[in-house]
Amino acid sequence: MITRRAGMRCEACGAGEDRNAKRWLEAHERWVYDDAARVQRLKRLICLCTDCHPVTHYGYAQARGLEAKAFAHLVKVTGMSRAAARRHINTAFTLWDLRSATAWKLDLSIPTDAGVTLQRPPRAAERPGVAAATLAAERGVPRPAPAPADPGEIAARIVVECGIALPAPSPADPRPASPAAVPSPSRAPVVPGPREEAAPSLLRRIFRRGRSLLDRYWQGTIAAPPHATARSLPAWSGPTARATS
C-alpha cells in the first residue's frame, strides 16, 4: 500500500527498487510531537529506499557500521557540503537528546483506525538485549546458547512439588586430608587456624535430598510420584547428568 501510493519510488531520492543493486523499498514513519501534552503521534508512513532509510535513522546506521555510507548518501541527495551535513546531523542529535528525556505517550491511531493490530513492544529493560540480538543477526554473529538448567534447582523444584520432608541437618563430618595437603618432612608444616564447620544450608540440604531421590528413581528403587509428568521431570541421561530440557 505504501509503496504503491509512492509510485514504487523512494520519496526522498526518487530511486526505484533494484534487486541487482540490492536496493529495496521500505516503510518509514513520520512523527509529530506535542511537547505540552507529551504525545508522540504517528503522522504518516512514507516510502524510502534502503539507501535513504539508514540516513533517517543515523544512530542506527552508526551502530551497524554504516555511518560513512549514510553520510555520503546524505551529501549526495541533499547537495549539502560536508560541513553543512555534519552540522545538520549534530542538530538532529541535539534534538533527539532533548526529546529522549521525556516519557512520551504514543498515538498510533492511524494504523489502529485502519484495522491494524499492533504488537506490544519489548519492555524498557528488554530492549538492549533485543537490539544486541538484532545487530548480531545482521552481522552474522551466532547468538550464545542458553545456559543449561541447574540440576540443583531442578531437584529443589521436584522436592517441593512432591512434598518431601527434609531430614534435619547433621554436623559435617571432618574431611580427610588429601595427599597434597600432607606436609613433607623437608619443611615445617603449616598449621591452619581453628575453623568451625557451618551446618549445611537449606538449599544444599534440598539439593542432596533431591539428588538422592533422583538416583533412587533412576535405579528403580522408588516410583515417580503420581503428579510427576514429563514437564516436571526433565529428560535425564543418567543419575548425575545435566538436564537437557
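Computed over heavy atoms, backbone and side chain alike; hydrogens, waters and symmetry mates excluded. What you are looking at is a predicted structure, and each value in this text was computed from that prediction instead of being measured.
Residues satisfying the side-chain hydrogen bond (donor to acceptor under 3.5 Å, both in side chains) criterion with Arg4, sequence neighbours excluded, are absent altogether. Shown here are the side chain to side chain contact (heavy atoms under 4.5 Å, CB included) partners of Gln119, two or more places apart in sequence or in another chain: there are none. Remark: Ile2 pairs with Arg5, Ala27, Leu45, Cys47 by the side chain to side chain contact (heavy atoms under 4.5 Å, CB included) rule, at least two apart or across chains. Residues that satisfy the side-chain hydrogen bond (donor to acceptor under 3.5 Å, both in side chains) test with Arg64, not counting sequence neighbours, are Glu138. Remark: Asp34 pairs with no residue by the side-chain hydrogen bond (donor to acceptor under 3.5 Å, both in side chains) rule, at least two apart or across chains. Checked against side chain to side chain contact (heavy atoms under 4.5 Å, CB included), Thr91 has no partners two or more places apart in sequence or in another chain. Leu118 pairs by the side chain to side chain contact (heavy atoms under 4.5 Å, CB included) definition with Leu108, Pro111, Thr112, Val116, not counting sequence neighbours.
Pairs of residues two or more places apart, or lying in two chains, that qualify as side-chain hydrogen bond (donor to acceptor under 3.5 Å, both in side chains) and include a residue from residues 120-136 are Arg123-Glu126. For residues 35-47, every residue pair satisfying the salt bridge (charged side-chain N to carboxylate O under 4.0 Å, His left out) rule, not counting sequence neighbours, is listed here: Glu11-Arg44. Each ring pair (Phe, Tyr, Trp, His ring centres under 6.0 Å) pair with one or both residues in residues 5-56, not counting sequence neighbours, appears once here: His28-His53, His28-His57, Tyr33-Trp104, His53-His57. Screening residues 93-116 for salt bridge (charged side-chain N to carboxylate O under 4.0 Å, His left out), with sequence neighbours left out, gives no hits.
Contact of the Ile46 side chain with the Arg30 side chain is registered, since non-hydrogen atoms from C-beta on lie closer than 4.5 Å. Within the 4.5 Å cutoff, the side chain of Met8 has heavy atoms near those of the Thr3 side chain.
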Enumerate, atom names and distances included, each donor-acceptor pair closer than 3.5 Å involving a side-chain atom of residues 66-86, sequence neighbours excluded.
from: Glu67; atom 1: OE2; to: Tyr58; atom 2: OH; distance (Å): 3.4
from: Glu67; atom 1: OE2; to: Gln62; atom 2: NE2; distance (Å): 3.2
from: Thr78; atom 1: OG1; to: Leu74; atom 2: O; distance (Å): 2.6
from: Thr78; atom 1: OG1; to: Met80; atom 2: N; distance (Å): 3.3
from: Ser81; atom 1: OG; to: Ala84; atom 2: N; distance (Å): 3.1

